[in-house]
J.: 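Can you read through this structure? Questions will come right after.
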Amino acid sequence: KKALGIVLETEGKSPLGLRLTGIGLSASGDNSYFVPEKALRENSGLKSAVFALLTDRETEKIVHDGKHARIALAREGIDFVCDFDTMLAAYLLDPSKARYDLESLIFENLGAELRGSEDAGRRASFLLPLKEVLGEKLKNQEMERLFKDVEMPLSTVLADMEMAGIRVDPDKLQKLSAEFGEKLERLTGEIYELAGMEFNINSPKQLGEVLFEKLSLPVVKKKKSGYSTDAEVLEKLKGAHPIVEKILEYRFLMKMKSTYADGLLSLVDRDTLKVYSNFNQTITATGRISSTEPNLQNIPVKTDIGKKIRGVFVAEKPDHVLLSGDYSQIELRVLAHLSGDEKLIEAFVKGEDIHARTASEVFGIPQEKVTSQLRDRAKAVNFGIIYGISDYGLAQNLGITTGEAREYIESYLNRYPKVRDYIRETINRAKLNGYVTTIFNRRRYIPDINSRNYNLRSFAERVAMNTPIQGSAADIIKVAMVKIYNHFKEMGLKAKMLIQVHDELIFDVPQDELEVVKSIVKSDMETAVPLKVPLVVDFKVGKSWEEIS
DNA sequence: GCATGATGC
DNA sequence: AGCATCATGC
């Protein structure tokens with residue numbers, strides 16, 4: 001198979017404004033070429049020859065950032081799928097790097113320094129040797145399957161999600177913005193009145209001076225640069241002065257208005273009435289996907305007012321609906337699988353309420369006698385285990401002493417002994433190898449794991465515990481996404497994957513496809529990766545994201 | 001550019 | 001307490 005390095009020159013914003021301005025090409029044992037967009041436009045023979053090459057199945061296409069290339073070429077009517085993405089390869093080899101630009105990879109792996117002025121043809125000429133180096137490393141580190149079967153095909157899925165976009169109702173957003181604005185104006189006046197002065201409520205510095213100097217409220221927590229005024233502090237001060245509740249409400253509404261109502265409005269495309277998020281595949285150290293402009297992975301859900309924001313995200317057409325499928329307790333199930341703990345596995349096999357079961361174990365009472373307060377505490381312990389438990393963190397979270405927290409943790413680890421073994425082995429492996437791995441052999445280096453600095457080392461140990469769990473959950477949903485995408489394509493369905501929120505997938509589905517789509521999504525998500533416990537997926541259907549939350 | 005504080009899983 | 005992004009102030 002003949003290999004071809006491809007570097008696209010583009011301008012504009014992805015995906016709607018993205019425009020191809022030129023193509024750099026380089027084949028093995030051949031010169032490299034740069035084809036300006038003008039030449040493609042004016043020479044139809046050249047254009048069809050180049051475009052034929054880009055879709056030739058007998059050519060191994062090597063690209064840096066294939067998702068971007070797929071989006072840029074989609075505008076030209078080309079269904080572009082590359083065979084080797086050097087950006088994704090570099091990410092798997094070290095997911096903690098800040099950047100994965102081609103120039104740095106060429107310098108680090110080939111020792112060549114590119115000048116800024118060099119054209120796309122010259123850059124393309126480095127892709128083949130770079131692919132050889134990165135491909136060899138992936139093979140040596142047993143990440144070939146993760147690369148070829150998961151990350152490479154996933155970039156195509158993410159490209160299509162980005163191009164699909166999500167329909168929003170701008171009028172509804174505008175009304176929410178106005179509603180939040182009016183409430184904020186009212187609150188601002190009330191806060192000035194209660195403070196006895198006007199100040200910038202958005203400035204933590206000025207707010208700290210008002211609360212802790214002018215009003216003499218007790219200082220609960222300090223920051224490097226002064227008083228802390230975060231929600232945790234304000235919650236504790238609630239009874240001390242009526243201004244505190246007003247400030248909490250102000251902060252909440254300000255967040256809703258600036259980030260969600262106004263922030264989202266500024267990103268709505270006026271022609272399509274959609275937002276086009278960027279789903280980034282090379283940002284997180286654990287293997288999760290991230291989302292920006294807008295971030296669709298932190299849209300509010302906990303409060304009623306927050307949920308109204310979700311109400312502006314709607315199905316694309318009148319005869320379409322939104323479908324969500326979310327994994328139930330995926331991270332705890334991954335922990336059950338990785339640790340092999342019989343009691344944890346049994347709880348999931350029997351379909352028990354996992355937090356109630358944990359409460360029953362940790363506090364030594366029958367499950368029927370678990371109060372909601374004890375269940376909440378057990379839930380915090382479960383989260384703590386996933387985050388890499390520390391007595392300090394659990395104590396902080398539950399408002400108990402570190403001694404009590406230590407007792408909870410000990411009790412948990414005594415009841416789930418293989419979890420204790422698993423944690424110990426994982427940290428030991430990290431100390432020995434310098435990295436930890438996921439179910440699919442995704443790797444994360446943990447340089448501080450042998451540090452003599454207690455804080456650095458402890459943090460590294462928590463990272464070592466959390467990464468295999470969070471990262472394996474990321475592996476699983478990524479596999480499911482690729483499977484679902486392929487099944488939709490094979491069956492010629494119009495349904496489209498729109499959003500991924502770590503343990504949840506959201507689809508736009510024509511009404512008449514709903515049942516078949518639901519059954520595909522269910523089986524692909526639940527059987528994505530066989531674990532020692534069942535994977536359970538819950539579904540919701542509605543006209544807006546609010547209705548399926 | 002960094003710190004703070006909000007949101008999500 | 002693990003992983004993120006965004007708005008704001010300074």
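Note that the structure is predicted; figures quoted are calculated from it, not measured. Chain letters run A, B, ... following the sequence lines, proteins first and then strands; every chain starts at 1.
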J.: Would you call A:E547-A:R310 a salt bridge at under 4.0 Å N-O?
T.: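 No, this pair does not count.
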J.: Taking OP1 and OP2 of B:dC9, is either one under 4.0 Å from a side-chain nitrogen or oxygen of A:Q500?
T.: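 So the side chain of A:Q500 is outside the cut-off, no N or O lying under 4.0 Å from OP1 or OP2 of B:dC9.
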J.: Whole angstroms only, please: what is the NE2-P distance between A:H502 and B:dG8?
T.: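 That distance rounds to 12 Å.
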J.: Regarding A:E504, tell me which of base, sugar-phosphate or nothing describes its non-hydrogen contacts under 4.0 Å with the strands shown.
T.: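 The residue A:E504 makes no contact with any strand.
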J.: Under 4.0 Å between a side-chain nitrogen and a carboxylate oxygen: does that hold for A:K257 and A:E179?
T.: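 A:E179 and A:K257: not salt-bridged.
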J.: A side-chain contact here means heavy atoms from C-beta on lying under 4.5 Å apart; do A:F147 and A:M152 qualify?
T.: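 A:F147 vs A:M152: side chains touch.
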J.: With a non-hydrogen cut-off below 4.0 angstrom, is A:D230 in contact with a base, only sugar-phosphate, or nothing?
T.: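 Since only primed, P, OP1 and OP2 atoms lie under 4.0 Å of A:D230, the category is sugar-phosphate.
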J.: Just how far, in rounded Å, is C1' of B:dT4 from OH of A:Y250?
T.: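 Whole-Å distance recorded here is 15 Å.
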J.: Report yes or no: is the ring centroid of A:Y387 under 5.5 Å from the six-membered base ring centroid of C:dA1, with the two planes under 30 degrees?
T.: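 It does not: the two rings, one from A:Y387 and one from C:dA1, miss the stacking criterion.
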J.: Pick base, sugar-phosphate or nothing for A:A473, based on heavy-atom distances below 4.0 Å to the nucleic acid.
T.: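 Nothing, no heavy atom under 4.0 Å.
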J.: Give A:S228 one of three labels, base, sugar-phosphate or nothing, depending on what nucleic acid heavy atoms sit under 4.0 Å from its own.
T.: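 Sugar-phosphate, no base atom in range.
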J.: Counting just side-chain N and O atoms, does A:R251 come under 4.0 Å of either OP1 or OP2 of B:dT7?
T.: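 Answer is no, no contact under 4.0 Å.
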J.: Does A:Y435 have A:R443 sitting over its ring (NZ/CZ under 6.0 Å from centre, angle to axis within 45°)?
T.: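 Because its charged atom sits under 6.0 Å from the ring centre and within 45° of the axis, A:R443 does stack over A:Y435.
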J.: Given 3.5 Å as the limit, does a donor-acceptor pair link the side chain of A:K343 with the main chain of A:R415, or not?
T.: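 Checking the backbone N and O of A:R415 against the side chain of A:K343, a donor-acceptor pair under 3.5 Å is found.
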J.: Let's see if you get this right: which residues in residues 278-309 of chain A place a heavy atom under 4.0 Å from DNA chain B?
T.: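 Result for residues 278-309 of chain A: A:R288, A:Q297, A:N298, A:I299, A:P300, A:V301, A:K302, sorted by number.
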J.: For A:P294, run the side chain to side chain contact (heavy atoms under 4.5 Å, CB included) check against A:V268, A:I299, A:L267, A:I166 and tell me which one passes.
T.: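 Only one option passes, and that is A:L267.
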J.: Counting side-chain heavy atoms from CB outward, which of B:dA6, B:dC9, C:dG9 is closest to A:N200?
T.: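 For A:N200, the side-chain atoms sit closest to C:dG9.
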J.: Let me know the distance between CD of A:E232 and P of C:dA1, rounded to the nearest Å.
T.: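 For the pair A:E232 CD and C:dA1 P, the rounded distance is 9 Å.
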J.: If we ignore hydrogens and angles and just use 3.5 Å, is the side chain of A:Y408 paired with the main-chain N or O of A:A378 as donor and acceptor?
T.: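 Here the side-chain-to-backbone pair does not exist.
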J.: In whole Å, I'd like the distance from the CD1 atom of A:I499 to the P atom of B:dT7.
T.: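 Nearest whole value for this atom pair: 20 Å.
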J.: Could you tell me how far apart A:R310 (CZ) and B:dG8 (C1') are, to the nearest whole angstrom?
T.: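 In whole Å, B:dG8 C1' lies 8 Å from A:R310 CZ.
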J.: Tell me the interatomic distance from A:L394, atom CG, to C:dA1, atom C1', rounded to whole angstroms.
T.: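 It works out to 9 Å between those atoms.
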J.: Between A:Q500 (side chain) and A:H502 (backbone), is there a donor-acceptor pair under 3.5 Å?
T.: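 Checking the backbone N and O of A:H502 against the side chain of A:Q500, a donor-acceptor pair under 3.5 Å is found.
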J.: Starting the side chain at C-beta, find the nucleotide from C:dC3, B:dA6, C:dA1 nearest to A:K255.
T.: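 Output: B:dA6.
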J.: In this structure, which one of A:R357, A:H355, A:R377, A:E331 forms a side chain to side chain contact (heavy atoms under 4.5 Å, CB included) with A:N382?
T.: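 Checked A:R357, A:H355, A:R377, A:E331 against A:N382; only one passes side chain to side chain contact (heavy atoms under 4.5 Å, CB included): A:H355.
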J.: Quick check on contacts: within residues 525-549 of chain A, what sits under 4.0 Å from DNA chain C by heavy-atom distance?
T.: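 Hits under 4.0 Å, by residue number: none.
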J.: Base, sugar-phosphate or nothing for A:G384? Non-hydrogen atoms, less than 4.0 Å.
T.: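 Base, at least one base atom sits under 4.0 Å.
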J.: Roughly how many Å is it from CZ in A:R462 to C1' in C:dC3, rounded to a whole number?
T.: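 Spelled out: CZ on A:R462 to C1' on C:dC3 is 14 Å.
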J.: Whole-Å distance between B:dT4 P and A:F252 CZ?
T.: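 After rounding, the reported distance stands at 24 Å.
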J.: Check A:R375 with A:D353, please: is the shortest side-chain N to carboxylate O separation under 4.0 Å?
T.: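 Yes, A:D353 and A:R375 are salt-bridged.
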